[in-house]
Number of protein chains: 2
Amino acid sequence: MNYQIELRHFVYFLAVAEELHYRKAAEKLFISQPGLSTQIKQMEEILGTQLFVRDKKKVSLTPAGEFLKKEVEFILNHLDQTKKQVKLIGDGQLGEVRIGFLGSAMQNVVPNLLLGLKEKYPTVHTTLEELSNRAQINAILTDRLDLGFVRLSRVPKGLDVKPVFEDTFSLVLPEDHPLDAKHFKNINQVADEDFILFSQDYSPMYYDTVLSICEDSGFVPHVSHKSVHAQTIFKLVENKLGIAIVPTTLQYGFQMKVKFIEMKKIKQRAVLSMVWKTDNRNPALQKCMDLLQKL
Amino acid sequence: MNYQIELRHFVYFLAVAEELHYRKAAEKLFISQPGLSTQIKQMEEILGTQLFVRDKKKVSLTPAGEFLKKEVEFILNHLDQTKKQVKLIGDGQLGEVRIGFLGSAMQNVVPNLLLGLKEKYPTVHTTLEELSNRAQINAILTDRLDLGFVRLSRVPKGLDVKPVFEDTFSLVLPEDHPLDAKHFKNINQVADEDFILFSQDYSPMYYDTVLSICEDSGFVPHVSHKSVHAQTIFKLVENKLGIAIVPTTLQYGFQMKVKFIEMKKIKQRAVLSMVWKTDNRNPALQKCMDLLQKL
DNA sequence: ATAATTAATAAGTATGAATTATCAAATTGA
DNA sequence: TCAATTTGATAATTCATACTTATTAATTAT
């Protein structure tokens, strides 16, 4: 009659919403199918809305169910994190920050942050994950991540961005390429070569910026390969499959037979920004932000 | 032993955290004090942390409890909000209808629908897309669209159609064409002219209807141009490349040097219909349909 | 046709959240 | 100083209900 929603309901709901199949969902949850059926039904009664459509042989979500699914994902993630935080604080630690980053942030910004944290707040724990721009935004929105390092100018509502590092671009050439820093004047000297770039969907802003650099010199680059890994890009350059344009700091940390020509005169910069949820209350995140102000 | 946190725990915890007094908190929750005690204790066991300090005669929060209190306030609020929203979406008060339409529906039916929605259901969002008949049918079948406005008499199985607007046809002539409304009797007065019509594949029904109008007058029109855009058709007429026959409402909304002669006596009508998937469960769609009944 | 799916229903069980009754410890008030 | 109160924590018991198993109706597949 007058039941209340419980977390159990959410866990069950999510299983069904993911499987769209009561028996399989019940198996995954290690409960019986009839039990699951009644719990979902009860849930629908409490909420006063149909969540699933059970047609002939097919289970699907209603719009309300669709909406609830997203919310439940967030709530359960947030809850997991809260439990962890409570435990850490109870143990005298400050908590945990879950950090996502683009590979190119690992050369400079992220290591400095970690060093700073270790020194000033040794009780703050961190988890690190290398993710694409898009994956980071998603993870932050669903509260699987507290802080991201991305190359984006705009982010969805509810998130804040702040630039933390500006980098020049560098041309990456095979070691024995005829052009060198001394004779480099303008990028159109290599306009006819094949270009190897990071994929658009890995970082659309990077891609657009590189194209605009070429455009400013009056040519459209012929892009022969795209990759999401700097390692791969350098390897391809090493093997003379093309040349690349990347943020300058990427030159450190790789052992490759390639040379970098920093293009200081070019006005475009590779901007690395941090992103976080505006209303994130993770106390350990605050400490991170304080530190990043000073870097 | 291996219990799980439930929302009940949070509600209980918050009561104690606010009152800092087990008996009073229990009273507020309408449960017995011992029950509350055991539940809080269980909660602490699950989380692996002390949440309250019970000193002699005084209950207070630990730092971990302090943190959890803020989180629980957030979580419970967020949950309330989510419940409300799910209910609203389920009732069709909130949500999205994805509408497709032929350009010619934009003069009249679609704007009226949008105005009505805005007034009666201001929380229902709409997305609009101008598409051909065929593209709309495809989009509805694959659930990329909820509602279409087409000129078709028959639609694939699984879809429903319903006429929403009937329009007369008008002759479209260059502004300085010798024929005018006063002297217009029958369409065979222009039987020898070139005709400019909408393409068959944009709207086969329109095409057939126009041909049947001519047939009724005993001639077969010579079609010199076809287009999918009213704008284009009018432009061609303006430049004396032919004359056109179009649904009358199209005369509004364009700034062209052409004149319209409405052919009221002709029995054929340009019928605009709405199409939707019979088993579409989008509650916001129902609201649309209700409104369209009254237009 | 028969067999094998599906989810929903019905009836019974057992877990565990609640209750009442009680306790020890602290506070209060003569 | 010693009852009288108050606190939260136990202990024993009750009872609600989340589960189970058994079964059914409805589809789909063979």
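Naming convention: chains lettered A, B, ... in sequence-line order (proteins, then strands); numbering from 1 in each chain. Here the structure is a predicted model, which is why all the values come from computation and not from measurement.
- Remark: A/Arg98 does not engage A/Glu129 in a salt bridge, criterion side-chain N to carboxylate O under 4.0 Å.
- Between A/Tyr22 and the phosphate of C/dT5, there is no side-chain N or O to OP1/OP2 separation shorter than 4.0 Å.
- At a threshold of 4.0 Å, the pair A/Glu66-A/Lys70 does not count as salt-bridged, since none of the basic side-chain nitrogens sits closer than that to a carboxylate oxygen.
- When the C1' atom of D/dC19 is taken as reference, atom CZ of A/Arg8 falls 10 Å away, rounded to whole Å.
- For the pair A/Ser37 and C/dA7, the criterion of a side-chain N or O lying under 4.0 Å from OP1 or OP2 is not met.
- Distance, B/Ile31 CD1 to D/dA16 C1': 15 Å, rounded to whole Å.
- If you find the closest nucleotide of DNA chain D to A/Leu36 and to B/Thr38, the one lying nearer the 5' end belongs to B/Thr38.
- The side chain of B/Arg23 lies closest to D/dT7, out of C/dA7, C/dA18, D/dT7.
- One interatomic measurement links the two molecules: CG of B/Leu20 to C1' of D/dG8, which rounds to 14 Å at whole-angstrom precision.
- Side-chain atoms of B/Pro34 lie closest to C/dT19 of the nucleotides C/dT19, C/dA7, D/dC19.
- Between the CD atom of B/Gln4 and the P atom of C/dG16 there is a distance of 12 Å, given to the nearest Å.
- Side-chain N or O atoms of B/Gln136 include one that pairs as donor or acceptor with a backbone N or O of B/Phe149 at under 3.5 Å.
- Distance B/Glu6 CD to D/dC19 C1': 14 Å, rounded to the nearest Å.
- Using a 4.0 Å cut-off, no side-chain N or O of B/Tyr3 falls inside it from OP1 or OP2 of D/dA18.
- Contact check, B/Lys41 against D/dT10: a side-chain N or O comes under 4.0 Å of OP1 or OP2.
- Separating the CD atom of A/Gln33 from the P atom of D/dT24 is a distance of 15 Å, rounded to the nearest angstrom.
- The aromatic rings of B/His78 and A/Phe74 sit tilted, their planes meeting at an angle between 30° and 60°.
- In this structure, the NE2 atom of A/His21 is 14 Å from the C1' atom of C/dA8, given to the nearest Å.
- Taking 4.0 angstrom as the limit, A/Ser32 places a side-chain polar atom (N or O) nearer than this to OP1 or OP2 of D/dT20.
- Among the heavy atoms of the strands lying under 4.0 Å from B/Gln42 are primed sugar atoms or P, OP1, OP2 only; no base atom is included.
- A/Asp80 has no carboxylate O lying under 4.0 Å from a charged side-chain N of A/Lys84, or vice versa, which leaves the two without a salt bridge.
- Between the base of C/dA17 and the side chain of B/Gln39 there is no donor-acceptor pair shorter than 3.5 Å.
- Side-chain nitrogen and oxygen atoms of B/Arg54 include none within less than 4.0 Å of the OP1 or OP2 phosphate oxygen of D/dT7.
- Among the heavy atoms of the strands, none lies under 4.0 Å from A/Phe52.
- The interatomic distance linking A/His9 (NE2) with D/dT17 (P) rounds to 11 Å, in whole Å.
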